[in-house]
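Report on one structure; see the data block that follows.
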Amino acid sequence: MPTVSLPDGSSKTLPAGSSAMDLAEGIGKRLAQAAIAAVIDGKVTDLTLPLPEGADLKIKLLTDRDPEALEVLRHSCAHIMARAVLRLFPGSQLAFGPALENGFYYDIESPTPIREEDFPRIEEEMRKIIKASEPFERFERVTAEARSLVEGMGQKLKVEHIDEELCRQDSLSFYRQGEFIDLCRGPHLPHAGKVGAFKLMSLAGAYWKGDSSRQQLQRLYATAFFSQKDLDAYLKQLEEAKKRDHRLLGKQLHLFTISPLAGSGMILWMPRGALIRGILEQFLREELTRRGYSPVYTPHVGKLEMYRTSGHFPYYRDAQFPPLYQHPAASALDLCQYRLQAGVLDEARERDMVLFLSQACLVIPGYAEAVTQEGRIQATERLVEELLKIHSVDMPEYRQAKDTAGRAKALLNWLEQQEGYLLKPMNCPHHIQIYKAVPRSYRDLPVRLAEFGTVYRFEQTGELSGMTRVRGFTQDDAHLFVTPDQIESELLANIELVQLVLKTLGLTDYRVRIGLRAKGSDKYVGSDDDWNNAEASLIRVVKSLGMEYTAEEGEAAFYGPKIDFVVRDCIGREWQLGTVQLDYNLPKRFDLEYTGADNKSHRPVMIHRAPFGSMERFMGILIEHFAGAFPVWLAPEQVRVLTVSEKFNDYAKGVESRLREAGIRVTADLGPDKVGAKVRLGAMDKVPYLAVVGDKEVQAGAVTIRERGGADLGSMPVEAFIARVQGENTGRTLPKSST
RNA sequence: GCUAGCGUAGCUCAACGGUAGAGCACUGGUUUUGUAAACCAGCGGUUGUGGGUUCGAUUCCCACCGCUAGCUCCA
């Protein structure tokens, strides 16, 4: 007989086989009607499931006021949507249909593709299902039976999922709702009638099990709530959020532009945006000076050889602009070399390779047609031979090589002798050359080299997005070369710097992620010992600061683990801004050293860090954070002087020049418009202060200030106003709402 | 790169198998004004680009370019 204790501290003993629903009914009819699910010992479960035998279960009954209940509702609504789709699109294959933070989706493979114009009839079908208020009935089957059940339903993806993963379990659970049965862990609503409001949101592609080499399914995004009022509020909120979109505001406020002719993903900073960026950079420069950093400058391109040594060129090849070779044959040979070096590949790697070759626009005649691995390599080798012949390149080493590996080596040797450059994908190799230019003693460390360094990455077209994902961007980068016992104090100082930067801008809504390597993956370089040390250091430092964080495997850089500061944009997408990374590997690859107190040579450790991350991305996020209404110290136009009529233009010009001489960014609207129109324009341009001048102000030598947002600060002497603005400049004052 | 959708004046949008229209912005003029739009006139488009179907395409079809959402990727 289960004994249960409730959140109010009371406890009850129930007859064996009782469910949470029985418990609710025992407490009251209204509670039983309102109950959605139960939390039993911390786990959300169905109301109707018999309670486990055992003393003192902690039970909480969930109603539509609990956030966990909303998740249950959405998961159930995913089933309802899938059921509707199966009715309208017979033969559809179901994949996964989980709840999300703001809704849910279901991945579906339909014989006739679903289109957005089908949404109304899917919604109509869902309304019918909800109106019928049929219960969600749970049942279990031993795994073998479960498999034949889903097979009998013709749900091939579910069969695949059982074979690949679920077969390790003894039994599997299902939920039935009318004619619809779905393999599912649950929990679910008592019945479909609990769904108060829902809406299909969008349609997108998604790979089966998130694997880009598998088939692509259609993902139906939707959301659901307990009431229409909640849904309306959510939709309103989405609309409001869209008004903050930095792409919209960037255009409206003339902050930046992107021209397809200049290149997509290439941000062109317009004067107003550039002004803000300059102030941000100046702010950081002051902090860096205070912290013992040395500014450096390095060029936008570097020798290929340097990026071969660092590993960036081979590792991120397909995400870089193509290398710049002097020799006309070199680019093609380079790609062939890349393919030959890979050698015989397994199936998954061959898929990646085909993908890469197509992305790199490399056509190897006969490659696609070749059935075997050997055939593909032979096709590549034939192309190399043709290229060598056409370009009259004599490469005896290649001719004499006995096998593919030997030929790859020969090609590499030749390529390494060719003059080739790469658009800078990272600043670190350049900074490393600066470190190496001078013999270093332990007394010199830490060496902190800082640069606003612009880097270029060939992001996939589908990834480009405003200022947040671009192909050319400037990192507020620095590389610290430290002794092993300086690591933790420097990490600490840098995390604090990132925190200071975020706090100064009023960005408080971020999360901290420690990126660790994925165990068992071979995409990382360096020894296990170094990795273990590095990961342990990062975790220790973050813990010592008492910060909340998540440790995520597979989020490390290929050369080391990192701490990322992650924020969200106006539509909820997460972006990495500030980052602090620990690296034992590049110092090895470039053979860095310093002389220790023992007069012996030692290897420094590197810290890569960028508090803003990328100036472009940071600016994008900042525009959304302030909704374009930048605080006075950042506003490109701080004050606009408005004349009541053109009679006062001379006085206005005087005020304007006094403010400008005081270092304030000011303009004057001297046009023939009425003051109401000028105020409206100033408000739309989000100018923090509008200074109105007319007869009264001329008499008093004053300005009448209207604050952004409409507050009337009244009339004040020009000098008093100047002092106010200057105070906000030096204090980097934030508006009240964003502190 | 993949899936789906979109692309009309500087911006926001309308229309349509019979060679495009509004508001704002811009230019000129009238008005000289007190806190979110004074009035009048003018300028502005080979409907993203290139093909095809058609007597005729901006509209229908194809390719490319670009944008949007999501997926995959993200040093």
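The chains referred to below are lettered A, B, ... by the order of the sequence lines, with proteins before strands, and numbering in each begins at 1.
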- Side-chain contact check for Lys251(A): nearest option of G70(B), A75(B), C11(B) is C11(B)
- Query: Nearest to the side chain of Ala677(A) - U32(B), A38(B), A36(B)?
  - Reply: A38(B)
- Item | Nucleotide forming a Watson-Crick or wobble pair with A15(B), both distances under 3.5 Å | none
- Message: Under 3.5 Å for both donor-acceptor distances, Watson-Crick or wobble: does U3(B) have a partner, and if so which one?
- Response: A69(B)
- Heavy-atom nearest pair, His312(A) first then Pro429(A), reads ND1-CG, 4.0 Å
Quote, to the nearest angstrom, the [atom1] distance that separates [N] from [M].
{"N": "A15(B)", "M": "U19(B)", "atom1": "C1'", "result": "14 Å"}
{"N": "G45(B)", "M": "C64(B)", "atom1": "C1'", "result": "23 Å"}
{"N": "U54(B)", "M": "G17(B)", "atom1": "C1'", "result": "9 Å"}
{"N": "C16(B)", "M": "U59(B)", "atom1": "C1'", "result": "6 Å"}

- Item | Interatomic distance where CD belongs to Gln460(A) and P belongs to G70(B) [whole Å] | 15 Å
- Residues that Glu697(A) engages under side chain to side chain donor-acceptor pair (under 3.5 Å), provided they are two or more places apart: Thr704(A)
Can [X] be said to sit on top of [Y]'s aromatic six-ring, NZ or CZ under 6.0 Å from centre and within 45° of the ring axis?
{"X": "Arg219(A)", "Y": "Tyr105(A)", "result": "yes"}
{"X": "Arg471(A)", "Y": "Tyr456(A)", "result": "no"}
{"X": "Arg457(A)", "Y": "Tyr316(A)", "result": "no"}

- Message: Is the base of A75(B) stacked against the aromatic ring of Tyr316(A), taking ring centres under 5.5 Å apart and planes under 30° as the test?
- Response: yes
- Under a 4.0 Å heavy-atom cutoff, the residues of residues 563-589 of chain A touching RNA chain B are Ile571(A), Arg573(A), Gln581(A)
- Query: Can you list, by residue number, the residues of residues 95-116 of chain A that have a non-hydrogen atom closer than 4.0 angstrom to RNA chain B?
  - Reply: Arg115(A)
- For Glu451(A) and Thr298(A), indicate whether the former's side chain and the latter's backbone hold a donor-acceptor pair under 3.5 Å. yes
